[in-house]
**Student:** 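Can you read through this structure? Questions will come right after.
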Amino acid sequence: MIAVTSESGALEHALTERAKLIELCVYAVDRARSAGVAQRLVEGLREIGVSALRPDGERFDPVRHEAGGTLPTDDPSLDGTIAETEVPGFADRAQVLRAPVVTVYQLR
């Protein structure tokens with residue numbers, strides 16, 4: 001056990017532990033074989049201010065999203081739109097922890 005000698009040290013220690021637990025939960029979401037278990041982890045993360053990022057239907061933005069692949073479309077209005085989220089991203093309040101990996105519609 002680590003001895004913490006000040007309030008600021010205790011806060012820093014708690015925030016470090018919180019970050020490690022969030023990282024572990026995101027890891028578990030990625031590897032959960034049960035959709036129910038993954039959903040429960042996502043709900044638990046949301047309760048502490050960490051949200052899953054699933055930008056389906058939004059315009060692709062390379063600053064906010066990682067392209068994992070494309071899906072051909074004949075509809076010009078869908079070109080550049082996210083068709084589906086392959087791997088959800090996560091944000092701790094306003095800070096993005098991991099960008100979502102998405103499939104983007106691309107005009108044929």
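Any value given below was found using the heavy atoms of this structure, including those in side chains, with hydrogens, waters and symmetry copies removed.
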**Student:** Would you kindly say whether Asp75 and Thr73 are connected by a side-chain donor-acceptor distance under 3.5 Å?
**Tutor:** no
**Student:** Test of understanding: clusters of I, L, V, M, F, W, Y form through side-chain heavy atoms closer than 4.5 Å, transitively. Do Leu24 and Val37 belong to the same one?
**Tutor:**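 Unlinked, Leu24 and Val37 end up in two clusters.
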**Student:** Is the number of heavy atoms from other residues, nucleotides or ligands under 6.0 Å of Glu86 CD greater than 12?
**Tutor:**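 Above 12, so yes.
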**Student:** Is it the case that more than 12 heavy atoms not belonging to Gln39 sit under 6.0 Å from its CD atom?
**Tutor:** yes
**Student:** If I take atom CG from residue Leu45 and atom SG from residue Cys25, how far apart are they, to the nearest 0.5 angstrom?
**Tutor:** 5.0 Å
**Student:** Say you draw a straight line from CG of Leu78 to CG of Leu71; how long is it, rounded to the nearest 0.5 Å?
**Tutor:** 9.5 Å
**Student:** Among Thr85, Asp56, Ile82, find the one that has a side-chain contact (heavy atoms from CB on, under 4.5 Å) with Pro100.
**Tutor:**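 Of Thr85, Asp56, Ile82, side-chain contact (heavy atoms from CB on, under 4.5 Å) with Pro100 is met by Thr85 alone.
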**Student:** Taking the side chain as C-beta and beyond, is there a heavy-atom pair between Phe90 and Val29 under 4.5 Å?
**Tutor:**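 Yes; the side chains approach each other to less than 4.5 Å.
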**Student:** Between the side chains of Arg59 and Asp79, is the shortest nitrogen-to-carboxylate-oxygen separation below 4.0 Å, so that they form an ion pair?
**Tutor:** no
**Student:** To the nearest 0.5 Å, tell me how far Glu43 CD sits from Arg40 CZ.
**Tutor:** 6.0 Å
**Student:** Can you find a pair of side-chain heavy atoms, one from Arg18 and one from Val50, that are under 4.5 Å apart?
**Tutor:**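 The answer is yes; the side chains approach within 4.5 Å.
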**Student:** With rounding to the nearest 0.5 angstrom, report the CG to CZ distance, Asp92 to Arg98.
**Tutor:**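 The CG atom of Asp92 sits 14.0 Å away from the CZ atom of Arg98.
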**Student:** What is the distance from atom OG of Ser8 to atom NE2 of His13, rounded to the nearest 0.5 Å?
**Tutor:**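 The distance works out to 13.0 Å.
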**Student:** Using 0.5 Å steps for rounding, measure from the CZ atom of Phe60 to the OG1 atom of Thr70.
**Tutor:** 11.0 Å
**Student:** Give the intermediate values and the outcome of side chain to side chain contact (heavy atoms under 4.5 Å, CB included) for residues Val87 and Asp30.
**Tutor:** CA-CA 8 Å; Val87 178; Asp30 289 344; 4.1 Å; yes
**Student:** Can you tell if the side chain of Pro55 reaches within under 4.5 Å of the side chain of His65, non-hydrogen atoms only?
**Tutor:**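 They are in contact (side-chain heavy atoms under 4.5 Å apart), so the answer is yes.
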**Student:** Search all heavy atoms of Ala52 against all heavy atoms of Val42 and return the closest pair with its distance.
**Tutor:** CB-CG1, 4.0 Å
**Student:** Using a strict threshold of under 4.0 Å (side-chain N to carboxylate O), is an ion pair present between Arg54 and Glu84?
**Tutor:** no
